[in-house]
Colleague: 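Quick one: the structure is below, questions incoming.
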Amino acid sequence: MTLSAAFMMVCALALSATTLTAQTIIRAEYTEPTTRYAHGVLGDAIEYGALRLHMSSGPNVLIRLPQSRVFEDLAPRVQDLDGDGAAEVIVIESDQELGGSLAIYGPGGKIASTPFIGRRNRWLAPVGAADFDGDGATELAYIDRPHLAKTLRIWRYQGGELRHVVDQPGLTNHRIGEDFITSGLRTCSTGSTMVMVDAGWQRIIEVGFGPQGITQTDRGAFNGVASVRQAQAC
């Protein structure tokens, strides 16, 4: 092989690697609506059988679930969870027999997930994902069974795996039949905290998580989802 040919091959390989790296998720949506999972926790009987990932270049990626599962969710959440510059997608995935789980997907399929709750028609409602404790890794928070257990659960995403960190009972963010989730993050100069509602739907609670564990701050009376959004402001 001549020096010129070798140089051209190296350039082609580098270009190919760059192209693959540049193919990142820019948007995601649920598709293939289905009624095969009769729960209706979000106000209707329609869930989704597939997830479409829109890439920065190249064709879209379609991820289709088996018939025993659905995406029981409002919309997928696109976020770079590991800081590598390429986004992942956070979803709620429910099993016909085992109920809901929080899952992370990429272009190659499922990356990691929490265990399924363990019983049909048992659901979870995401709160948000951030590095709450400042350790450099992203934590994912959700309310486990917001109508029953009313428990905040926090998991850490690191090394392509989800590891359980801590639970806090007495909190919720969803009522049966609502097509929205009543919680979110408050991200200010000191970092990110979670804002949701107490189990009795009376008070807005700001929840922090740090090296010392969970902290809770009463942010006033709950007067609908707008009051929670207001409490998220810095």
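In what follows, every heavy atom counts, from backbone to side chain, and hydrogens, waters and symmetry copies are set aside.
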Colleague: Counting N and O atoms only, with roles assigned by atom type, does the side chain of S56 sit under 3.5 Å from a partner on the main chain of T24, one being a donor and the other an acceptor?
Modeller: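 Yes, S56 side chain to T24 backbone: donor-acceptor pair under 3.5 Å.
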Colleague: Please tabulate, one pair per line, all N/O donor-acceptor pairs under 3.5 Å involving side-chain atoms of residues 112-120, not counting sequence neighbours.
Modeller:
{"from": "T114", "atom 1": "OG1", "to": "L102", "atom 2": "N", "distance (Å)": "3.0"}
{"from": "R120", "atom 1": "NH1", "to": "Q96", "atom 2": "O", "distance (Å)": "2.9"}
{"from": "R120", "atom 1": "NH1", "to": "Q96", "atom 2": "OE1", "distance (Å)": "2.5"}

Colleague: How far apart are the C-alpha atoms of Y48 and Y30, what are their side-chain angles, what is the distance that settles it, and do they pass the ring-ring contact (aromatic ring centres under 6.0 Å, His included) test?
Modeller: CA-CA 6 Å; Y48 299 93; Y30 294 128; 5.6 Å; yes
Colleague: Does R219 use its side chain to pair, donor to acceptor, with the backbone of E206 at less than 3.5 Å?
Modeller: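 The answer is no, because no donor-acceptor pair under 3.5 Å joins these two groups.
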Colleague: Are K150 and D198 close enough for a salt bridge, meaning some N to O gap below 4.0 Å?
Modeller: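 No, no charged N to carboxylate O under 4.0 Å.
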Colleague: Less than 4.0 Å between a side-chain N and a carboxylate O, is that true for E32 and R52?
Modeller: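 Salt bridge between R52 and E32, a charged N being under 4.0 Å from a carboxylate O: no.
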Colleague: I'd like to know if the side chain of Y37 reaches the main chain of N121, judged simply by a donor and an acceptor atom lying under 3.5 Å from each other, with no hydrogens or angles considered.
Modeller: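 Indeed, once roles are kept as given, a pair shorter than 3.5 Å links the two residues.
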Colleague: Would you say N173's side chain and M196's backbone share a donor-acceptor pair under 3.5 angstrom?
Modeller: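 Side chain of N173 to backbone of M196, a donor-acceptor pair under 3.5 Å: no, none is there.
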Colleague: So L51 and T31, do their side chains get closer than 4.5 Å, heavy atoms only?
Modeller: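 When only atoms from C-beta onward are counted, L51 and T31 do not touch, as no gap falls below 4.5 Å.
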Colleague: Start with the C-alpha gap between R36 and E47, add the side-chain angles, then the distance that decides, and say whether salt bridge (charged side-chain N to carboxylate O under 4.0 Å, His left out) holds.
Modeller: CA-CA 8 Å; R36 67 182 182 237; E47 310 305 341; over 6 Å; no
Colleague: Any salt bridge between D144 and R122, counting N to O under 4.0 Å?
Modeller: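 The answer is no: the pair does not qualify as a salt bridge.
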Colleague: Kindly check if the number of other-residue, nucleotide or ligand heavy atoms within 6.0 Å of CZ (R64) is above 12?
Modeller: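 Counting other residues, nucleotides and ligands, CZ of R64 stays at 12 neighbours or fewer.
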